[in-house]
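Because the structure is a prediction, the values reported are computed rather than measured.
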Amino acid sequence: MAGGEGGFAARPFSLSSQEIKLSRSENPAFSEVTVGLGAETAKRHQKDRVYRGDTVFRGLTAGCALTIPLLMAAIFIALLSYSLPTLREFGLHFFLSEEWNPVSQQFGAASSIFGTLVSTIIAMVIAIPLSLAIALLLVELAPPGLSRVVGTLIELLAAIPSIIYGMWGMFVFAPFMSSHIQPLVKRWLGFLPLFQGPPMGLGLLTAGIILSFMVLPFICAITRDVFQMVPAIIKESAYGMGATTWEVTYKVTIPYGLVGIIGAFFLGLGRALGETMAVTFVIGNSHKISASLFAPGNSIASCLANEFAEATESLYISSLVTLGLVLFVITYLVQVVCQLMLKRMYRAWSVGL
Amino acid sequence: MRKMVLAMLLVFLTAVVSFAQTPVAINGAGATFPQPVYAKWAHKYAELTKNRINYQGIGSGGGIAQIKAKTVDFGGTDEPLKAVDLESLGVFQFPTVMGGVVPVLNVKGMEAGRLALDGPTLANIFLGKITKWNDAEIKKLNPDLKLPDKDITVVHRSDGSGTTFIFTSYLSTVSPKWKEQVGTGKAVKWPAKNSVGAKGNPGVAGQVQNIDGAIGYVEFAYAHQNKIPYARLKNKAGVLVAPNLESFQAAAANADWKKAPPGFSLLLIDQPGKGSWPIVGLTWILIYKDQPDAVKGKAILKFFDWCFKHGGDMAKELHYVTLPAAVVEVVEAAWAKEIKAAGKSLWP
């Protein structure tokens with residue numbers, strides 16, 4: 001039981017090392033002092049006694065933590081090695097070609113990349129203003145009872161599995177789009193190339209709208225939390241100066257939480273990019289690029305979900321894996337940008353407070 | 001207390017040992033199209049013999065990959081392997097069941113079986129050459145029908161599928177233009193401008209029902225169960241036939257099985273005979289010619305023999321058609337010649 005005892009005694013040490021990390025990332029100005037302190041404590045502890053349990057514990061957690069970068073690297077390397085035949089065969093042309101013909105073994109990713117980006121953009125264009133409005137209502141305007149009920153409902157919405165969104169989209173929403181919304185849009189905006197073609201109910205627009213329903217709860221929940229973190233004293237001083245609710249929202253709440261809100265948008269974006277099942281049901285699954293949002297298209301994730309099981313030829317499989325690599329890289333980049341944003345947010349907050 | 005535990009352990013151990021000894025567990029994976037009927041057969045067979053046959057519907061591509069990797073005892077595929085591949089892999093291929101593929105449509109007021117089409121017209125619709133339901137070519141085949149001035153939306157499978165393979169085989173057979181422009185495959189580049197892909201037979205069935213003016217293709221069972229209006233087709237003999245078990249059976253009976261290429265990779269497309277439905281497809285089983293385990297190898301063949309001889313009614317309930325008796329004989333004769341374990345023939 002010596003190890004257990006050692007681990008217990010080492011608690012102050014691990015706590016202080018955590019402090020170092022936290023203060024470092026939070027505020028560079030204070031880091032030197034804290035590092036100095038932490039190092040001193042650590043040295044004193046090490047001089048006193050070697051804590052075996054502590055070393056084991058640290059090694060164990062480090063090992064666990066190491067699985068994450070290893071997993072990332074393993075996935076990336078596997079994707080890359082399986083993509084090589086495609087990249088060798090088609091080169092850069094793979095990313096620019098719209099052709100996707102399993103019979104003649106000609107593959108190009110352009111239509112899938114296009115569909116992924118367009119459906120995600122539509123989703124964000126709808127979800128961002130909607131979720132901002134809902135979050136503001138919940139925090140600023142609604143009575144607490146209502147705000148609690150709506151807040152719970154939003155969290156429930158986030159818990160619905162995506163295949164259910166897909167089925168609902170296909171059997172309920174798509175027919176509704178084709179019989180009510182699309183004819184209406186066509187009548188007023190049909191002269192635009194964006195809204196041409198027969199109203200089938202399926203296509204990029206429907207996929208984007210379904211996606212917006214799916215990312216809405218995520219963005220909304222985080223935005224609400226960000227708004228709630230705005231110190232009441234700041235808002236109250238604004239009210240005290242005679243500001244209206246709109247002015248407080250517009251000039252205090254939103255600027256204060258701006259970076260956090262942007263972080264929420266990026267999280268939603270990450271989810272929208274990789275969403276598979278719901279999109280597969282409603283996007284129309286056609287390897288074509290069209291100017292019209294009514295036209296069927298496809299996304300990287302939906303293409304993979306559709307075609308992987310029955311792909312037999314090695315070049316076909318390789319091309320699908322390359323699509324996966326493209327999605328991996330896009331999502332990774334979005335996450336990197338998101339992390340940078342969040343880091344900035346913390347910095348901005350520590351200065352503000 | 002200790003005695004009881006010991007006794008229980010003993011009972012458990014004997015159970016495990018006896019379980020491992022007598023019944024055989026066989027694993028297969030592959031095509032999803034025959035999965036319902038394989039599952040039904042396996043269930044009944046396990047009741048009778050205690051031999052368990054596990055079949056996982058992971059797709060033909062998966063089935064071929066798994067048998068190549070030797071992780072399963074048999075594979076299933078909807079697209080036959082070529083003779084060259086069979087030879088190089090040392091794999092034997094034989095058919096099990098057949099199913100019909102049916103064009104389904106959604107035109108307001110059109111009942112099942114009212115619309116008549118022939119191969120070239122169907123191909124032109126899927127090529128995007130015929131874009132309206134009141135096109136002269138469709139009118140010519142249906143002089144008494146009132147056809148609306150409506151856009152045609154083509155609904156196809158978005159996932160790679162044996163159904164697509166069967167359907168495109170048919171279109172390639174009856175239309176040189178289709179053969180040249182699109183070809184045959186489990187997934188193809190769909191040329192019609194107004195076309196939508198949907199996942200699985202239920203997906204296509206659902207989209208056809210959703211979209212006014214749609215035409216698609218599904219396995220017969222889905223058209224039948226969902227009561228989606230289907231079209232009659234003109235067969236090779238020039239007769240308009242409706243899709244049903246009899247017309248599928250007729251196609252199988254009229255096919256020339258003796259001339260089947262190695263691996264029985266026969267397509268029952270556009271077969272002669274007045275009653276033959278023109279779009280019928282087979283599904284195949286893949287097993288190694290040289291079986292590593294004689295007991296298992298024999299058990300696999302016994303199972304499929306039982307299915308051929310006693311599984312017809314169960315298959316019929318699920319709208320599949322089993323092979324004609326004459327064909328079963330040819331298949332089993334090939335088993336006797338080709339499938340061996342340690343140099344010894346496993347059948348009969």
**Item:** side-chain contact (heavy atoms from CB on, under 4.5 Å) between B/Lys193 and A/Lys288, intermediate numbers included
**Value:** CA-CA 9 Å; B/Lys193 194 169 160 268; A/Lys288 292 186 183 98; 5.9 Å; no
**Request:** Dump the intermediate steps for side-chain hydrogen bond (donor to acceptor under 3.5 Å, both in side chains) on A/Ser104 and B/Lys189, then the final yes or no.
**Result:** CA-CA 9 Å; A/Ser104 64; B/Lys189 187 179 160 107; over 6 Å; no
**Message:** Evaluate A/Leu202 against B/Ile211 for side-chain contact (heavy atoms from CB on, under 4.5 Å), listing each step before the verdict.
**Reply:** CA-CA 9 Å; A/Leu202 301 168; B/Ile211 301 170; 4.1 Å; yes
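Within a 6.0 Å radius of NZ in B/Lys129, other residues, nucleotides and ligands contribute more than 12 heavy atoms. In this structure, A/Phe328 places its CZ atom where more than 12 heavy-atom neighbours from other residues, nucleotides or ligands lie under 6.0 Å away. Within a 6.0 Å sphere centred on CD of B/Glu87, heavy atoms belonging to other residues, nucleotides or ligands number 12 at most. Within a 6.0 Å sphere centred on NZ of B/Lys289, heavy atoms belonging to other residues, nucleotides or ligands number more than 12. By the 6.0 Å contact criterion, CG on A/Leu92 is open, its count of non-hydrogen atoms from other residues, nucleotides or ligands being 12 or less. In the displayed structure, A/Phe95 atom CZ is contacted under 6.0 Å by more than 12 heavy atoms of other residues, nucleotides or ligands. B/Gln56 CD: 12 or fewer foreign heavy atoms inside a 6.0 Å radius. Heavy atoms from other residues, nucleotides or ligands lying under 6.0 Å from NZ of B/Lys82 number 12 at most.
Of the atoms belonging to B/Ser161, it is backbone heavy atoms, and not side-chain ones, that fall under 4.5 Å from chain A. Neither the backbone nor the side chain of B/Gln209 comes within less than 4.5 Å of any heavy atom in chain A. A/Tyr316 touches chain B through its side chain: at least one heavy atom from C-beta onward sits under 4.5 Å away, while N, CA, C and O do not. Contact annotation for B/Val155: neither backbone nor side-chain heavy atoms come within less than 4.5 Å of a heavy atom of chain A. Residue contact with chain A, scored on non-hydrogen atoms closer than 4.5 Å, involves the side chain of B/Ile64 exclusively. With a 4.5 angstrom heavy-atom cutoff, A/Ala305 touches chain B only via backbone atoms. Looking at B/Ser195, the atoms closer than 4.5 Å to chain A (heavy atoms on both sides) sit in the backbone and in the side chain alike. Contacts between B/Ala187 and chain A at a heavy-atom distance below 4.5 Å involve backbone atoms as well as side-chain atoms. No part of A/Glu313 comes within reach of chain B, as not one of its non-hydrogen atoms sits under 4.5 angstrom from that chain. With a 4.5 Å cut-off on non-hydrogen atoms, B/Thr184 touches chain A through its backbone but not through its side chain. There is no contact between A/Ser178 and chain B, counting heavy-atom distances below 4.5 Å.
In this structure, CG in B/Asn194 is found 10.0 Å from OG in A/Ser286, a value given to the nearest 0.5 Å. Rounded to the nearest 0.5 Å, atoms OG (A/Ser179) and CG (B/Asn210) are 10.0 Å apart. We find the NZ-CE distance between B/Lys199 and A/Met277 to be 5.5 Å, quoted to the nearest 0.5 Å.
Using a distance-only test at 3.5 Å, with no hydrogens or angles considered, a donor-acceptor pair links the side chain of A/Asn285 to the main chain of B/Gly197.
Per-residue counts of heavy-atom pairs under 4.5 Å with chain A were compared for B/Ala31, B/Gly61, B/Gly200, B/Gly63; the largest is that of B/Gly61. Chain B forms more heavy-atom pairs under 4.5 Å with one residue of A/Ala174, A/Pro198, A/Gly203 than with any other, namely A/Pro198.
In this structure, B/Gln207 and A/Met200 have side chains that are not in contact, with every pair of non-hydrogen atoms separated by 4.5 Å or more.
Between B/Ser158 and A/Asn306, the shortest heavy-atom distance links the atoms OG-OD1, 2.7 Å.
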